[in-house]
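See below for the structure under consideration.
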Number of protein chains: 4
Amino acid sequence: MPHSIAIIGASGYTGAELIRIIATHPSFEIKALAANSKAGQSMAQVFPHLRHLDLPDLVTWEQIDFDQIDLCFCALPHKTSQEVISKLPKSVKIVDLSADFRLRDPEAYKKWYGNEHAAKEMQTEAVYGLTEFYRDDIKAARLVAGTGCNAATGQFLLRPLIAAGVIDLDDIILDLACGVSGAGRSLKENLLHAELSEGTQAYSVGGTHRHLGEFDQEFSAIAGRAVKIQFTPHLAPFNRGILATGYVKGDAEAIHAALSKQYASEPFIEVLPMGETPSTHHVRGSNFVHIGVVADRLPGKTIIVAALDNLFKGSSGQAVQNANLMLGEDETAGLMLAPCFP
Amino acid sequence: MPHSIAIIGASGYTGAELIRIIATHPSFEIKALAANSKAGQSMAQVFPHLRHLDLPDLVTWEQIDFDQIDLCFCALPHKTSQEVISKLPKSVKIVDLSADFRLRDPEAYKKWYGNEHAAKEMQTEAVYGLTEFYRDDIKAARLVAGTGCNAATGQFLLRPLIAAGVIDLDDIILDLACGVSGAGRSLKENLLHAELSEGTQAYSVGGTHRHLGEFDQEFSAIAGRAVKIQFTPHLAPFNRGILATGYVKGDAEAIHAALSKQYASEPFIEVLPMGETPSTHHVRGSNFVHIGVVADRLPGKTIIVAALDNLFKGSSGQAVQNANLMLGEDETAGLMLAPCFP
Amino acid sequence: MPHSIAIIGASGYTGAELIRIIATHPSFEIKALAANSKAGQSMAQVFPHLRHLDLPDLVTWEQIDFDQIDLCFCALPHKTSQEVISKLPKSVKIVDLSADFRLRDPEAYKKWYGNEHAAKEMQTEAVYGLTEFYRDDIKAARLVAGTGCNAATGQFLLRPLIAAGVIDLDDIILDLACGVSGAGRSLKENLLHAELSEGTQAYSVGGTHRHLGEFDQEFSAIAGRAVKIQFTPHLAPFNRGILATGYVKGDAEAIHAALSKQYASEPFIEVLPMGETPSTHHVRGSNFVHIGVVADRLPGKTIIVAALDNLFKGSSGQAVQNANLMLGEDETAGLMLAPCFP
Amino acid sequence: MPHSIAIIGASGYTGAELIRIIATHPSFEIKALAANSKAGQSMAQVFPHLRHLDLPDLVTWEQIDFDQIDLCFCALPHKTSQEVISKLPKSVKIVDLSADFRLRDPEAYKKWYGNEHAAKEMQTEAVYGLTEFYRDDIKAARLVAGTGCNAATGQFLLRPLIAAGVIDLDDIILDLACGVSGAGRSLKENLLHAELSEGTQAYSVGGTHRHLGEFDQEFSAIAGRAVKIQFTPHLAPFNRGILATGYVKGDAEAIHAALSKQYASEPFIEVLPMGETPSTHHVRGSNFVHIGVVADRLPGKTIIVAALDNLFKGSSGQAVQNANLMLGEDETAGLMLAPCFP
């Protein structure tokens with residue numbers, strides 16, 4: 001019998017991507033879709049690419065009968081998400097795609113997001129949703145916090161290296177290009193096609209991007225000491241994809257070995273042969289991550305590169321992967337869609 | 001037990017798209033992949049986006065053991081295709097994605113393609129692969145000829161109208177924008193990103209595009225008289241998608257009714273509510289076709305618009321749809337992937 | 001001595017394009033820039049690409065001292081434009097880039113724009129700004145109404161053919177692809193990069209686009225009878241450029257001859273050799289128009305194609321061309337910038 | 001009297017960009033255009049965007065009468081360039097846009113380009129063409145070697161910092177995104193629109209990009225010791241533009257001061273206010289460079305970012321700037337075109 005699924009925040013890009021994935025999922029059935037600002041509309045109006053599906057019309061989240069729901073995805077903006085989730089019945093499993101439950105420390109949350117958290121007790125209950133590293137906790141969790149898409153990309157590169165002790169922890173740089181959909185469906189001048197296509201620029205330069213909160217939390221926990229990296233994201237003129245280029249100090253062979261060992265049996269993570277680097281083109285529209293390692297001409301310096309689809313593996317695909325675990329399904333169910341190239 | 005599949009011409013875009021679709025097909029198994037110019041290479045080298053799949057390395061088509069193959073997709077250039085297919089054992093079912101068996105009349109073939117056909121006897125054997133209109137013949141066929149991607153788009157719009165007698169047959173205009181992948185992986189200056197992005201132009205203007213051979217053949221057969229349309233394709237700066245805008249003389253309501261009736265039970269074809277028109281964005285990466293009808297301000301004139309993905313429904317998806325029928329599978333098997341937006 | 005120029009509405013794309021052109025104009029000097037919503041800001045904040053220029057900060061239009069101004073460009077939204085222009089001193093020459101003074105008939109204006117015109121007396125005073133056809137009137141005018149960008153493109157194709165009597169006036173179709181900047185800097189979901197790139201769609205289908213008001217007015221005036229064309233614009237994923245494909249009934253040689261004759265001595269309009277068609281790539285960032293003619297395979301039917309840059313020749317370049325005439329300068333002054341390719 | 005100009009290699013992108021710039025240059029006149037593979041063709045055939053200009057047809061370079069030429073731009077591939085230039089008469093001033101005369105040391109040339117240099121004596125004669133730093137030498141030079149486009153971008157960022165001694169010379173990272181036109185008009189699969197648009201990837205990773213030869217030569221000369229940086233370029237899906245993001249160790253205020261001082265009176269280089277970073281959108285189609293500096297959250301670490309147009313300031317604009325100096329013209333003549341946005 002299929003699991004009954006609800007999605008709150010179904011009118012944004014991650015909501016749409018959840019529906020797209022669940023459309024061919026073997027055991028998930030969408031029972032309710034909520035988007036308070038567009039309640040009453042059909043999904044064919046909001047997202048015409050989903051018109052072939054037999055989907056419920058949009059309602060407000062308050063209208064959902066949660067007795068009928070096994071698991072609820074929340075794809076709301078941060079801050080709104082914590083307010084809604086704190087009101088949902090405890091019987092419902094939740095995968096939150098917002099930033100609201102990623103940071104366990106209320107002070108860290110306040111520092112990066114600027115407001116007091118409205119559901120502090122749930123911050124510690126929530127399991128950090130980086131599936132490949134929190135698998136067992138996620139299986140047992142009621143509330144899973146999806147990671148930031150940039151944060152996921154950087155962690156796939158760096159966690160195994162910090163854990164294995166093969167890089168200098170005081171000199172880590174992560175330079176990243178992120179596709180447009182990472183900014184969501186928000187109406188801003190710099191996201192208009194006329195202003196964004198045909199060029200690129202950095203943003204949140206100098207260590208101000210909120211995903212640093214996740215990096216700090218996770219890397220410090222692994223290392224058992226404070227680890228603070230440099231991180232510069234760039235807005236790039238494509239819709240899907242993150243390419244993270246890392247500059248680390250350590251031996252390239254040891255780094256490649258640590259990554260290969262970590263991901264040897266992972267279904268979604270491919271470590272390329274030594275010396276090759278990935279492209280976002282080759283993971284677009286999929287749950288896969290490609291990782292490459294190259295030794296620099298300067299001894300002891302190594303370049304590491306990871307590519308994933310921010311909407312899929314970086315957000316909605318990760319969410320379904322976690323939901324699979326929480327509901328006792330095969331972790332890869334519905335997620336083996338091959339990347340869309342060209 | 002799964003069907004054993006071979007693909008000849010696996011290093012082009014339609015070959016890659018076939019593999020992408022079959023990757024999650026429930027009952028197809030790829031047994032052999034051929035690309036004579038790249039024989040010996042792995043698919044991970046040729047198409048890194050497929051590296052997670054456990055695929056056979058590329059061989060020459062002559063190296064394939066066809067005793068083990070139930071159905072072979074041929075994704076070769078035209079002219080090469082007829083030479084190869086004429087040498088394949090008769091026991092193998094074939095779906096050809098080239099232009100070689102679309103035209104039944106050797107003279108028409110010669111007119112549009114410039115050379116004598118090398119396998120004339122197979123031209124009449126081949127069934128025209130527009131699934132929604134040749135379903136029964138395809139089920140019984142050994143050789144199915146995939147349609148042109150532009151030709152498919154135009155026919156989805158116009159066949160029901162010609163059959164229903166609701167439009168003037170002497171004044172049909174089809175204006176079309178086609179994505180880049182329709183030109184294949186060929187190395188031409190005008191297909192370079194630097195020359196193709198950020199603008200558009202018409203090509204094969206004035207009735208010289210080869211897909212007119214298909215339109216002439218099919219529309220005349222339906223009408224029982226010669227029907228010749230005007231057709232202008234444009235090369236547009238996106239990778240996937242065809243938008244065909246048709247200008248016809250006839251009553252919009254009657255036209256909408258004829259299309260709605262024709263496609264009422266089709267799983268992949270959506271006729272939009274009267275007055276709405278489709279976007280290629282909403283069918284990208286899928287087997288779906290969206291069709292719209294709008295009455296012009298000038299009485300008796302109607303605009304009809306269709307959108308599909310040239311690589312998927314226009315080529316490889318159509319091919320799999322036909323293969324499903326030829327192998328006794330559900331026609332939609334492996335093809336319900338939702339469009340990829342944004 | 002240079003002419004003193006003001007621009008009202010300097011924070012939109014056509015305003016920015018005016019400044020870009022005037023930056024290298026030999027005899028125009030910008031004295032005032034107004035944008036009421038951004039008054040007080042510097043142009044480097046609003047349009048960083050203009051930061052190297054020594055420009056006045058933005059003010060409200062009411063703050064401009066018009067005694068110091070020879071000519072004022074108004075790049076405001078329609079309806080706002082008529083309200084502002086009606087209050088400007090009569091001593092100032094005005095080139096309006098909005099839609100407000102294109103239609104001479106108040107009823108036509110109301111039909112297409114939905115409101116009563118607030119400055120009806122100026123509707124007849126204004127000269128229609130299609131330079132190549134209203135040159136003498138423009139020289140003498142105080143108020144010139146810039147044309148619609150789509151309207152300009154279509155008229156460059158069709159005016160000479162209607163005037164020469166070489167096409168059937170009852171069966172004219174104009175199918176058009178327009179770049180994104182044509183929609184201005186407005187915050188709409190469908191203009192976001194994520195929703196607009198990688199695909200296309202028609203809009204204002206069925207004869208509802210407002211530029212039809214201009215076509216109706218102008219073509220009927222030339223023909224001395226009502227002429228109503230069909231017109232379908234498409235939103236295309238590039239920033240600059242309009243490609244108009246026209247379907248007419250008439251002899252291709254006569255059509256090519258009429259166009260060649262009309263534009264023989266025009267500095268900005270190039271009629272391509274018979275059988276060739278233009279590309280928007282080749283006029284991007286310039287004041288040039290390329291026009292092509294191809295005979296269809298069906299006798300008596302002809303395809304005509306025009307390409308221009310909507311922001312430049314379709315709007316701000318046209319405006320400067322008209323200002324040159326109004327101020328007694330060489331018509332081409334500042335406008336010979338070569339197209340930007342690739 | 002205008003200077004007589006020849007361009008050898010006029011059928012590539014940098015050749016076209018030279019013509020585009022010279023089209024509105026006040027004192028340059030194109031007397032000969034050579035492209036041996038396309039000799040006999042008109043420029044309208046090779047680059048239709050230049051069809052409005054009255055240009056000579058393409059010839060072979062051997063056909064040029066150099067007695068009539070004051071200055072010759074060579075826009076040939078490297079290796080070919082040295083062979084041609086070594087045969088040109090010594091009376092002609094030359095600006096070479098290839099890589100052939102950038103490296104003064106024959107061993108360094110051989111290391112990075114793989115072949116013996118065919119005109120070693122000219123390697124030392126040639127002046128390195130980074131105008132802002134070699135101005136006096138360029139004025140007196142007969143042969144100027146245009147810099148690599150990536151090399152120029154990196155040097156605008158780093159030269160003043162190395163000279164001022166405000167950064168750690170042993171830990172400099174330059175991460176760069178380069179537009180497509182940087183790869184020229186070469187027919188390669190990865191430059192096709194279908195494969196390049198909608199994503200990004202690194203290339204020449206690990207210190208193998210040839211522009212490192214220039215960085216090594218120049219930075220070491222400034223420092224008076226060996227300086228070797230890390231450099232990772234990325235291929236980005238836009239046609240024009242380079243964004244270089246540098247990671248250096250040094251005080252952000254001192255860095256900003258050094259850059260501001262260096263470029264205070266430069267007409268083409270804009271140092272943004274502290275904390276702001278540039279975008280390639282804002283220099284597209286122009287000779288301008290925008291530079292930004294941001295302090296990292298980690299004390300003593302600073303991010304520096306530069307943006308320029310690789311075809312213009314990175315190549316053909318720089319070439320014209322140098323030619324202006326060599327011919328005694330104002331350095332900015334013909335180069336004040338404002339960037340093209342959107």
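Letters A, B, ... are given to chains in the order of the sequence lines, protein chains preceding strands, and every chain is numbered from 1.
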B:K188 to D:L187 - nearest heavy-atom pair and separation: C-CD2, 3.5 Å
Can you list every salt bridge (charged side-chain N to carboxylate O under 4.0 Å, His left out) pair that touches residues 36-48 of chain D, not counting sequence neighbours? B:E189-D:K38
Identify which part of D:F238 has an atom lying under 4.5 Å from any heavy atom of chain B, answering side chain, backbone, both or neither. backbone
Mind checking the CD-OH spacing from D:E195 to B:Y13? Nearest 0.5 Å is all I need. 3.5 Å
Looking only at heavy atoms, which two atoms of B:A194 and D:N239 are closest? And how far apart? CA-OD1, 3.2 Å
